[in-house]
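Just follow the structure's listing: the first ligand is 1, and inside any ligand the first atom is 1.
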Amino acid sequence: MSSSLQSLDIFKNSYEFRIAQLKEEREHGIKVIGTLCLYVPDEIIFAAGADRIVLCGGKADTIPVAEQSLPRNICPLIKSSFGAVVDASCGGNLACAHVPLVDVVVAEATCDGKKKMYEILPDYLPTYVLDLPQKPGSPEALNYFLSELRKFGKFMEGLTGTVVSNDALKREIRSANETKRLLHRFFGMRRRDPPPIRGSDVLRVMQKQFFLSPDQFRQGVRELCDEMEHVTPEARTGPRIMISGCPMAAGNTKVPDIIEQKGGVIVVEESCTGTRSFWDFVDEDKDPWTALAERYLEIPCACMTPNDRRIDRIVDLAKQYDVDGVVYYTLQFCHAYNIERLRVQRALKKEKIPLLAIESDYGDSDTEQIGIRVDAFLEMIA
Ligand code: BJ8
């Protein structure tokens, strides 16, 4: 990480420790769950006494392995994640060391590419699929999702032998809310002009949210926030940019790196590796199952329809963070985010906020071309 903030080293140096921790947990019979999406509630996994790591791939090197089985024209996140699992089960060394540490993948029924990939995944790793209503605003959606969450709770109990009690769930809800509060503090500081941290560094921190244990992650963010309170920010004078769109899984920092190289100042990310993961809290005063179902159905993912909540959130964030322009990021072949761009663009246009659409994969063949477009965009909005 390139910033002068010392606390970023906590995240940078966390890999070995976490892998050792997961190995030790498994030696003591603790189950490790792999997930690939925000819709799978961590609270239920932790309440069942298991641990979790996120398996979303952000690197290009496992894609050729995946393309031996999957079509080439699907999103790189799906191919990279699948390739990592296949490579690990064939004894390869391309994948992250955490894939062989996973006992079960808990997958979710979101986009078509993921759903179909999850039908092949059991050839390599035990897989449980959590179903999701596709129209979260419909009257039946909440009850259906609630029954799916309870079923998932039973599955976890069978796996770990630990009852998912209401008390344990409430404890985990409080823990997850604490993380969310911290992240609000962290992101709140980025409203300053200039912000005290680079967007590419924030992304690398947020990627670790899906790898570290909640305690480790919070400790790092707390120290980082404390340091940011006192640090004199580097002079950053370029246009203030929001990135909105597909998640950027660990290993993928291409577009933020380019924006910053060209002089843009990234102040907020509307994505699952940004605000979508922590913006909304789970109600601590309700029945914990209902509270979880309500909160998770509110995640504004483009796989849902209609997805007005996301459009409103983007406009709201653009105002709160005083952005000069939005870089709309789509992973190649992600139709949901790609098509939803039109509605986002229209809503931003009403607010006179310009948008640059970038569709890309994990390779570097388009780096120069993206750089030229970002350059022109920043010049236009400066
Ligand atoms: S809640 S964004 S983590 S589904 S980018 S694989 S949608 S084709 S990752 Fe996602 Fe959950 Fe939604 Fe977030 Fe498909 Fe699109 Fe690829 Fe995606």
Side-chain angles (χ1 to χ4, degrees), residues 33-42 52-60 62-63 66-67 70-85 105-121 127 129-136 141 145 148 152 203 206-207 209-211 243-252 254-255 269-280 292-293 295-307 309-311 313-314 328-341 344 357-362:
I33 305 299
T35 62
L36 291 109
C37 177
L38 285 188
Y39 278 109
V40 179
D42 287 345
R52 78 92 181 89
I53 40 174
V54 174
L55 299 177
C56 293
K59 292 185 184 158
T62 54
I63 288 181
E67 286 179 347
L70 300 178
R72 296 188 69 190
N73 57 346
I74 56 171
C75 134
L77 189 148
I78 297 174
K79 288 189 288 188
S80 173
S81 315
F82 181 73
V85 173
V105 175
V106 176
E108 81 308 323
T110 46
C111 67
D112 288 350
K114 271 176 150 184
K115 276 188 289 204
K116 291 289 130 183
M117 185 268 275
Y118 296 150
E119 292 176 8
I120 311 170
L121 206 56
T127 306
V129 178
L130 175 76
D131 197 16
L132 290 169
Q134 305 287 295
K135 290 171 70 180
F145 192 46
E148 272 298 297
F152 172 45
L203 174 62
M206 293 303 285
Q207 288 170 341
Q209 182 186 1
F210 305 113
F211 176 64
I243 298 178
S244 171
C246 291
M248 295 176 184
N252 175 19
K254 179 163 83 175
V255 168
E269 302 79 16
E270 187 281 322
S271 76
C272 290
T273 36
T275 54
R276 237 178 273 145
S277 72
F278 71 87
W279 206 255
D280 299 311
L292 283 173
R295 154 62 174 76
Y296 277 80
L297 273 189
E298 278 181 3
I299 295 171
C301 171
C303 295
M304 296 296 168
T305 185
N307 197 22
R309 197 189 301 275
R310 175 164 179 247
I311 316 289
R313 171 73 48 84
I314 291 170
Y328 193 93
Y329 174 73
T330 310
L331 284 170
Q332 225 172 37
F333 308 116
C334 175
H335 305 315
Y337 280 90
N338 216 353
I339 296 171
E340 199 158 274
R341 173 176 55 86
V344 172
I358 291 177
E359 186 178 354
S360 186
D361 60 12
Y362 292 169

Next on the checklist: Among Asn252, Leu77, Leu38, Val54, exactly one meets side chain to side chain contact (heavy atoms under 4.5 Å, CB included) together with Pro247. Which residue is that?
Outcome noted: Leu77

Checklist entry - Just heavy atoms, cut-off under 4.0 Å: does Ala302 contact ligand 1 by side chain, backbone, both, or neither? => result neither

Next on the checklist: Side chains of Glu108 and Thr110: any donor to acceptor distance under 3.5 Å?
Outcome noted: yes

Checklist entry - Between Lys116 and Glu119, is there a salt bridge with N-O shorter than 4.0 Å? => result yes

Next on the checklist: Give me the nearest non-hydrogen protein atom to atom 10 (Fe) of ligand 1 as residue plus atom name, then the distance to 0.1 Å.
Outcome noted: Lys114 NZ, 3.8 Å

Checklist entry - Below 2.8 Å, any N, O or S contact between Cys301 and atom 11 (Fe) of ligand 1? => result no

Item to check | Pairing of Lys79 and Asp361 as salt bridge, 4.0 angstrom limit | outcome: no

Item to check | atom 16 (Fe) of ligand 1: the protein heavy-atom neighbour that sits closest, reported with distance to 0.1 Å | outcome: Cys75 SG, 2.3 Å

Item to check | Passing option when Cys246 is tested against Ser360, Pro76, Cys334 for side chain to side chain contact (heavy atoms under 4.5 Å, CB included) | outcome: Cys334

Next on the checklist: I'd like the name of whichever of Cys111, Gly113, Ser271, Pro247 reaches closest to atom 7 (S) of ligand 1 through any heavy atom.
Outcome noted: Cys111

Checklist entry - Any idea which protein heavy atom is nearest atom 2 (S) of ligand 1, and the distance to it? => result Tyr337 OH, 3.2 Å

Next on the checklist: I want to check something: taking the side chain as every heavy atom from C-beta on, are Thr35 and Leu55 in contact at a cut-off of under 4.5 Å?
Outcome noted: no

Checklist entry - Are the side chain of Asn307 and the backbone N or O of Cys301 linked by a donor-acceptor pair below 3.5 Å? => result yes

Checklist outcome for this item: If we number the atoms of ligand 1 from 1 as shown, the ones under 4.0 Å from a heavy atom of Cys272 are 1 (S), 2 (S), 3 (S), 13 (Fe)

Checklist entry - Under 4.0 Å from any heavy atom of Ile78, which atoms of ligand 1 are there? => result 6 (S)

Item to check | Any side-chain heavy-atom pair of Phe82 and Ile120 under 4.5 Å | outcome: yes

Checklist entry - Quick one: does Tyr337's side chain have a donor or acceptor within less than 3.5 Å of a partner on Ser244's backbone? => result no

Next on the checklist: Less than 4.5 Å apart, side chain to side chain, heavy atoms only: is that true for Leu292 and Phe145?
Outcome noted: no

Next on the checklist: Quick check on Cys246 - does any of its heavy atoms sit under 4.0 Å from an atom of ligand 1?
Outcome noted: yes

Next on the checklist: Using 2.8 Å as the threshold, say whether any N, O or S atom from Cys334 sits that close to atom 15 (Fe) of ligand 1.
Outcome noted: yes

Checklist outcome for this item: If we number the atoms of ligand 1 from 1 as shown, the ones under 4.0 Å from a heavy atom of Leu331 are 5 (S)

Checklist entry - Does Ala336 have a heavy atom less than 4.0 Å from any atom of ligand 1? => result no

Checklist outcome for this item: Atoms of ligand 1 under 4.0 Å from any heavy atom of Tyr39, numbered from 1 in the order shown, are 1 (S)

Next on the checklist: Need the ligand 1 atom indices (1-based, order shown) with element for anything under 4.0 Å from a heavy-atom of Cys37.
Outcome noted: 1 (S), 3 (S), 4 (S), 11 (Fe)

Checklist entry - Hey, which atoms in ligand 1 end up nearer than 4.0 Å to a heavy atom of Thr110? => result 4 (S)

